[in-house]
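Everything on this sheet refers to the single structure shown next.
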Number of protein chains: 2
Amino acid sequence: MGVTRTEIFTQEQNELAQMMKALAHPARIAIIQQLLKSQSCICGDLVDEIGLAQATISQHLRELKAVGIIKGTIEGTSVCYCINEEVWKHYSKTFGELFKSFVEGKSCC
Amino acid sequence: MGVTRTEIFTQEQNELAQMMKALAHPARIAIIQQLLKSQSCICGDLVDEIGLAQATISQHLRELKAVGIIKGTIEGTSVCYCINEEVWKHYSKTFGELFKSFVEGKSCC
DNA sequence: TTTATATATCGCAATATTACGATTAATTAT
DNA sequence: ATAATTAATCGTAATATTGCGATATATAAA
C-alpha cells in the first residue's frame, strides 16, 4: 500500500502522468516560466527570483532535468539551464493530443 | 518544512501546478481517457477496467471532481461521471498557452 | 420492511514529496 | 596554494499521497 501501481497502467498513461508530475509544483512552473522568458537561466538567479533555498531549487532543477525537459550547461562556476527544445515539443504534442481528443457535446451527463 | 510554499508564487503558477497535479497519476489519466472515449462512465465500470480497489478509484474520482475537471450524476444506485466541458476547455487553453509560449531557437545553451 | 447493489468515507500503513541547513565538489580569483 | 563563489548532494523533519479493508450511506429490488 502507498505505492503507485504503475504495472497495471499502459506505458502511455504512466508517461503522461510523469510528465504532468514534473510540472505539478509551482516552483517548477516558475522555473519553466523563467526559462521560457529566457532571461536569467543561471541557477543562482533562479534562486534569487523564486524565494526558495538554494538546495530546494537545485532539487527542483534535478527533477526537471530527470524528465529531460531542461538541460544545464556548466559555465565557469555557475550553471546555465534552459529548455530542451526536443523534449518540450514532445510534451507539447502529447498534451495537445490528449486535450484535442475531447469530442464536443459527447458528455453523457 | 515539507509544505509547498504557495504564498510565494503567483496565482497563475499555483493554478497551473494544481491542474498538472490533478492529472499527475496514471489512474487519473486512465479515468480521463475512459471518459474521453465516453463509453462506460459508470463508476463501477471504471473500477472494473482499471485494476484498483473501489475505494481507491473513488478517491481519484474525488480529486478530479475537486478541480472541476469531471462531474458526476447520480443514476439510481450508480453514478455516471463525465468530463466537465467548460473546465476541460479551460485546461486545454491554459496548457496550450504555456506550451506555445516557447520561442524556437531562443535557448541559450 | 428487508435485502441487494453501488458508491463514498474513515482509518491506517507504506511511501513519496517538499523544504532547508550543512556539507561537499568544482571552478575561478587572489 | 589559498580563498571565494557556485551548485549539487546528504540528512532529516514535516507533510502529502497512495492504496485498501471496513464501514457508512443511499437507492432499488424483492
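No hydrogens, no waters, no symmetry mates; every other heavy atom, side chains included, goes into these values. A quick note: this is a predicted structure, and the numbers were derived from the prediction, not measured.
Among the nucleotides C/dT7, D/dT15, D/dC20, the one closest to any side-chain atom of B/S78 is C/dT7. When distances run from any side-chain atom of A/L52 to the nucleotides C/dC20, D/dC20, C/dA8, the shortest one goes to C/dC20. Checking D/dT18, C/dA19, D/dA8 against every side-chain atom of B/Q59, the shortest atom distance belongs to D/dT18.
At distances below 3.5 Å, not a single donor-acceptor pair connects side-chain atoms of B/W88 with backbone N or O atoms of B/I69.
Using a 4.5 Å cut-off between side-chain heavy atoms of Ile, Leu, Val, Met, Phe, Trp and Tyr, with links allowed through other members, A/I32 and B/I8 fall into the same hydrophobic cluster.
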For residues 50-68 of chain B, run the donor-acceptor check on the side chains, cut-off 3.5 Å, and write out each pair with its distance to 0.1 Å, sequence neighbours left out.
residue, atom, partner, partner atom, Å
B/H60, ND1, B/R28, NH1, 2.9
B/E63, OE1, B/R28, NH1, 3.3
B/E63, OE2, B/R28, NH1, 3.4
B/K65, NZ, B/Y81, OH, 3.4

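The interatomic distance linking B/I42 (CD1) with C/dT7 (P) rounds to 7 Å, in whole Å. Computed from coordinates, the B/I70 CD1 to C/dT7 P distance equals 13 Å when rounded to whole Å. Rounded to whole Å, atom P of C/dT9 lies 11 Å from atom CG of B/L61. The interatomic distance linking B/H25 (NE2) with C/dT15 (C1') rounds to 12 Å, in whole Å. Nucleotide D/dT18 holds its P atom 11 Å from the CG atom of B/L64, rounded to whole Å. As rounded to whole Å, 15 Å separates atom C1' of D/dT15 from atom CZ of B/R5. Note: CG (B/D48) to C1' (C/dA6) measures 11 Å, nearest angstrom. Here D/dT17 presents its P atom at 7 Å from CD of B/E63, a figure rounded to the nearest Å.
Disulfide criterion (SG-SG under 2.5 Å) for B/C43 and B/C80: not met.
For A/R62, no side-chain nitrogen or oxygen approaches OP1 or OP2 of D/dA7 to under 4.0 Å. Of the side-chain N and O atoms in A/H60, none sit less than 4.0 angstrom from OP1 or OP2 of C/dT17. Residue A/Y81 places no side-chain N or O under 4.0 Å from the OP1 or OP2 atom of D/dT6.
Along DNA chain D, the nucleotide nearest to B/T4 and the one nearest to A/C80 differ in position, and the one closer to the 5' end is contacted by A/C80.
Within 4.0 Å (heavy atoms only), B/S58 reaches at least one base atom of the nucleic acid.
Other residues, nucleotides and ligands place more than 12 heavy atoms under 6.0 Å from the CD atom of B/E97.
The salt bridge (Lys or Arg N to Asp or Glu O under 4.0 Å) pairs that include a residue from residues 72-84 of chain A number zero, where partners must be two or more places apart or lie in different chains.
Residues from residues 9-22 of chain B that place a heavy atom under 4.0 Å from any atom of DNA chain C: there are none.
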Detail all sub-3.5 Å separations between protein N/O atoms and N/O atoms belonging to nucleotides 21-30 of chain C.
none

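With sequence neighbours left out, the side chain to side chain donor-acceptor pair (under 3.5 Å) criterion links B/Q18 to no other residue. With sequence neighbours excluded, the residues forming a salt bridge (Lys or Arg N to Asp or Glu O under 4.0 Å) with B/R5 are B/E7, listed by chain and number.
Of all the heavy atoms in A/G76 and A/I74, the pair that sits closest is O-CG2, 3.4 Å.
Using a 4.0 Å cut-off between charged side-chain N and carboxylate O, A/K71 and A/E86 make no salt bridge.
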